[in-house]
Number of protein chains: 2
Amino acid sequence: MLDAKTNDPLELGALAGLLGYRLRLAQQAVFRDFAASVGEVSPGRAGMLLLVEANPGVTQGSLARAVRLERSTMVGVIDALEARGLIERRRGADRRTKGLWLTRPGRAFVARLKRRIDSHERRVASHLSVLEREQLLGLLAKLAAR
Amino acid sequence: MLDAKTNDPLELGALAGLLGYRLRLAQQAVFRDFAASVGEVSPGRAGMLLLVEANPGVTQGSLARAVRLERSTMVGVIDALEARGLIERRRGADRRTKGLWLTRPGRAFVARLKRRIDSHERRVASHLSVLEREQLLGLLAKLAAR
DNA sequence: TATTGTTATACTCTATAACTATA
DNA sequence: TATAGTTATAGAGTATAACAATA
């Protein structure tokens, strides 16, 4: 780890070989590129929009479990996306539930989002070969499999 | 991605092959294990303690740059670690700076921390071979190199 | 009784802008 | 003028606990 300003080297000590530390640095780098190049919506919110696109009518609770948020947290998140006109709640067959759907503007937004995410992904992976990227995705999935 | 409660499969859609998505899931898994098994201090704070241990007398600003936090954010972080009696500020040769040092209890705390982190690391990497773990660390470093 | 969405509330982590003391 | 630490303030993002409607 280099001190970004003075280039004083800072000893990493016990930190050097820890997966959690390397994961955090990598994720910071990727998220920083996402914010700069995709913008408009955070990585987490973008992921939710992609999940609603792939699972039209998904209930709030089901989406919350998928992204590991509390149901109560999801309320505000959906409120915000609904206020931006990107998704809408519809009454489900089970009248306790609310199904989530992309609005027409929401679908256009997600289409644009996907194009930007594509070029973001290419830029982020530009230092990796195709094989290395596949290896990395596989190892990450293995690590996350609990 | 499985819905954790009902086992309804949720389609991942465009999310499936994104490095940022896989990074986030992997990091969540690792941090959850850290919280459950190391506890007492968050991964980020633990990292700072390890950096102070490896760089006695490091200034607040230098540490802030190393972990990519604002100087102003670092103030409160150090306040909290100081209030817990783990580190102390000492006046530097340049009298604008404050050097950071582990206290005696802080050194004991970090020693215990390192033992817990070791077993945490082994558990997290338990699904990976030694070679796979090395590959993963290397690929993550490559990804984070901007 | 159990589940879904909701509200009220609070906590953690972080940033920006303006200040002070030194350099 | 520039830098290190500081303060005040604000904004994401998240959680817990209690509640109403529905199953």
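Order of the sequence lines fixes the chain letters, A, B, ..., with proteins taken first and strands second; residue numbering starts at 1 for each chain. All values derive from a computational prediction rather than experimental measurement.
- Clustering ILVMFWY residues whenever any of their side-chain heavy atoms sit less than 4.5 angstrom apart, transitively, puts B/V67 in the very cluster that holds B/V77.
- Residue A/V75 places its side chain closer to C/dG5 than to any other of D/dT6, D/dA4, C/dG5.
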Distances for protein N or O near nucleotides 11-15 of chain C N or O, under 3.5 Å:
unit_1, atom_1, unit_2, atom_2, d
C/dT14, OP2, B/R45, NH1, 3.3
C/dA15, OP2, B/E70, N, 3.1
C/dA15, OP2, B/T73, OG1, 3.3
C/dA15, N7, B/T73, OG1, 3.1

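- Atoms CE (A/M74) and C1' (D/dG13) sit 12 Å apart, rounded to a whole Å.
- Residues A/E132 and B/K142 are paired through a salt bridge, judged by an N-O separation under 4.0 Å between the basic side chain and the carboxylate.
- Put simply, the side chain of A/N55 gets close to the backbone of B/E11: a donor and an acceptor are under 3.5 Å apart.
- In this structure, B/Q60 atom CD and D/dT3 atom C1' are separated by 14 Å, rounded to whole Å.
- Atom CZ in B/R71 sits about 16 Å away from atom P in C/dA21, given to the nearest Å.
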With a 3.5 Å cut-off and sequence neighbours excluded, list the donor-acceptor pairs that the side chains of residues 133-141 of chain B form with protein atoms.
unit_1, atom_1, unit_2, atom_2, d
B/R133, NE, B/E121, OE2, 3.3
B/R133, NH2, A/G17, O, 2.6
B/R133, NH2, B/E121, OE2, 3.0

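- Screening residues 57-94 of chain B for ring pair (Phe, Tyr, Trp, His ring centres under 6.0 Å), with sequence neighbours left out, gives no hits.
- At least one donor-acceptor pair under 3.5 Å links the side chain of B/T103 to the backbone N or O of B/G85.
- Taking atom CZ of residue B/F31 and atom C1' of nucleotide D/dT14, one finds them 15 Å apart after rounding to whole Å.
- For B/D118, there are no side-chain hydrogen bond (donor to acceptor under 3.5 Å, both in side chains) partners two or more places apart in sequence or in a different chain.
- Note on residues 32-84 of chain B: pairs passing ring pair (Phe, Tyr, Trp, His ring centres under 6.0 Å), not counting sequence neighbours, are B/F34-B/H120.
- Looking at residues 79-100 of chain B, you'll see B/R89, B/R96, B/T97, B/K98 sit with a heavy atom under 4.0 Å from some atom of DNA chain D.
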